[in-house]
Amino acid sequence: MNLIKRYFAFCVSLLLFGIIINSCSTGPNDNGSQPLPVFSSTAATGDSAHAYLSNNQFDQLNLEIDYMPGYKPDADALDSLKAFLHRRLHKSKIIIDSPTSISSGGQDSYDGQDIYNLEQKNRDHYTTLQKAGSDTLWAYFIIVDGQYKSDNSVLGAAYLNTSMAFFGPTIFNNSGGSFQVSRTKLEGTVFMHEFGHNMGLVADGTPMQQDHQAHGPHCDNKKCLMYYSVETTDYTSILVNSPIPNLDANCIADLQANGGK
């Protein structure tokens, strides 16, 4: 699945810009002297891991959320995501904006290009960097009203360095009913997992301190939040009688070595 994500990030950049766009370039500052960093929000997943984890560039994280009708994210799930981010990121403030309803995309399924086009149409906030340590890093969630076209078991995908998509029908059809995991728990789990990818896990922008990678940029520990099946319907039955998994010691060590907590 994450090979698909990396391929999508590559294709978007290749199609629109001719090359993969690096996570930072430079531009003139206010007085035209020393260049200031310019942040790109169209880099590959995990390329801005250090920016998320540390406060060297960004002291605040804001999350913009758009959702299609019928798929508003669970408030408690967002609270659990915010608590997770506070535990792992060196940020003085983390703000999750009130989710915004957007028009349906009118499709039963969406591929990577569809989702990118929807982001371009609906996203309001992007990251700029004007003064080190005093600016805001913006991330983006979009929750669509169809399945992922390439794999209908996928719950979510981190497809660019600040962008994450979630597939509302797949989440709703696998939660909230009799003998199913609660929607709060399933959404909280997949929200955290996809943010973990943009924090560079596993070996995808945040270097490993010890080898623990398996199934692409995922952890080899079945009890870890970053285990590969966590982002698919394969994991939902495990969640019914279990809490949201934590990051294991290896993932935490990786984050800490790259500026996180």
Side-chain angles (χ1 to χ4, degrees), residues 2 5 23-24 37 39-41 43-65 73 75-99 123 125-142 156-166 187-209 212 217-219 221 224-227 230-231 243-261:
N2 271 284
K5 296 180 196 177
S23 59
C24 273
F39 187 92
S40 170
S41 295
T45 304
D47 277 10
S48 300
H50 185 69
Y52 281 103
L53 295 167
S54 75
N55 62 357
N56 293 345
Q57 288 180 301
F58 304 103
D59 193 47
Q60 178 172 317
L61 172 68
N62 282 41
L63 174 62
E64 176 185 349
I65 302 174
D76 290 335
L78 293 176
D79 286 343
S80 66
L81 170 65
K82 187 174 183 178
F84 168 74
L85 295 174
H86 272 296
R87 287 195 300 271
R88 299 296 162 216
L89 309 183
H90 281 292
K91 297 287 181 272
S92 65
K93 188 179 293 185
I94 295 173
I95 297 173
I96 297 179
D97 286 1
S98 296
R123 183 172 179 175
H125 301 288
Y126 291 89
T127 302
T128 58
L129 181 59
Q130 298 176 0
K131 184 178 179 182
S134 65
D135 214 327
T136 298
L137 175 62
W138 279 94
Y140 180 72
F141 277 9
I142 184 168
Y159 59 96
L160 290 172
N161 61 323
T162 66
S163 306
M164 290 149 275
F166 302 91
E187 286 190 345
T189 301
V190 69
F191 291 166
M192 294 179 205
H193 179 96
E194 299 310 328
F195 238 109
H197 283 306
N198 266 328
M199 290 153 62
L201 297 171
V202 172
D204 199 27
T206 290
M208 291 186 294
Q209 303 306 294
H212 62 105
H218 288 105
C219 186
N221 183 348
C224 179
L225 176 67
M226 296 310 296
Y227 191 64
V230 170
E231 65 189 4
I244 293 175
N246 295 312
L247 293 175
D248 76 353
N250 283 324
C251 282
I252 293 173
D254 294 348
L255 296 182
Q256 290 174 340
N258 197 27
K261 298 179 182 177

request  = Could you check N62 against H125 for side-chain contact (heavy atoms from CB on, under 4.5 Å), going step by step and ending with a plain yes or no?
outcome  = CA-CA 9 Å; N62 282 41; H125 301 288; over 6 Å; no
Would you give the length of the straight line joining atom [atom1] of [X] to atom [atom2] of [Y], rounded to the nearest 0.5 angstrom?
X    : Y    : atom1 : atom2 : value
I94  : L61  : CD1   : CG    : 5.5 Å
C251 : M208 : SG    : CE    : 10.0 Å
M192 : N246 : CE    : CG    : 8.5 Å
E64  : Y126 : CD    : OH    : 8.0 Å
L137 : T128 : CG    : OG1   : 10.5 Å
K91  : S54  : NZ    : OG    : 5.5 Å

Heavy-atom donor-acceptor pair, [X] side chain to [Y] backbone, under 3.5 Å:
X    : Y    : result
N198 : L160 : yes
K261 : L53  : no
S41  : T162 : no
S48  : N161 : no
H218 : Y227 : no
R87  : L89  : no
E187 : A77  : no
H50  : N258 : yes

request  = Apply side-chain hydrogen bond (donor to acceptor under 3.5 Å, both in side chains) to the pair H212 and D248, showing each step before the final yes or no.
outcome  = CA-CA 10 Å; H212 62 105; D248 76 353; 4.6 Å; no
Locate the shortest heavy-atom distance separating [X] from [Y]; write the atom from each residue and the value.
X    : Y    : result
A139 : Y52  : CB-OH, 3.9 Å
M199 : T206 : O-OG1, 2.6 Å
P73  : L78  : CG-CD1, 4.0 Å
G260 : H90  : O-NE2, 3.5 Å
T189 : P245 : CG2-CD, 4.2 Å
V202 : C219 : CG2-N, 3.5 Å

message = Using side-chain contact (heavy atoms from CB on, under 4.5 Å), reason through L247 and M226 one step at a time and then give a plain yes or no.
response = CA-CA 7 Å; L247 293 175; M226 296 310 296; 3.6 Å; yes
message = Applying side-chain hydrogen bond (donor to acceptor under 3.5 Å, both in side chains) to H197 and D204, what does each step give before you reach the verdict?
response = CA-CA 7 Å; H197 283 306; D204 199 27; 5.2 Å; no
message = What I'd like to find out is whether the side chain of L225 reaches to under 4.5 Å of the side chain of L201, using heavy atoms alone.
response =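 No, too far: nothing below the 4.5 Å cut-off.
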Student check: side-chain heavy atoms of M164 and T45 closer than 4.5 Å =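 Not in contact.
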request  = Measure up the F39 and F58 rings against each other and bin them: parallel (under 30°), tilted (30 to 60°), perpendicular (over 60°).
outcome  =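 Answer is perpendicular, since the angle exceeds 60°.
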task = Apply side-chain contact (heavy atoms from CB on, under 4.5 Å) to E194 and F166, showing your working.
result = CA-CA 9 Å; E194 299 310 328; F166 302 91; 3.7 Å; yes
query = Under 6.0 Å between ring centres, would you say that holds for F191 and F84?
reply =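 No; F84 has its ring centre 6.0 Å or more from that of F191.
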query = Can you name the one residue among I96, D97, I142 that meets side-chain contact (heavy atoms from CB on, under 4.5 Å) with I65?
reply =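 Exactly one candidate clears the test, I96.
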request  = Given side-chain hydrogen bond (donor to acceptor under 3.5 Å, both in side chains), test S92 with D59 step by step and report yes or no.
outcome  = CA-CA 6 Å; S92 65; D59 193 47; 2.6 Å; yes
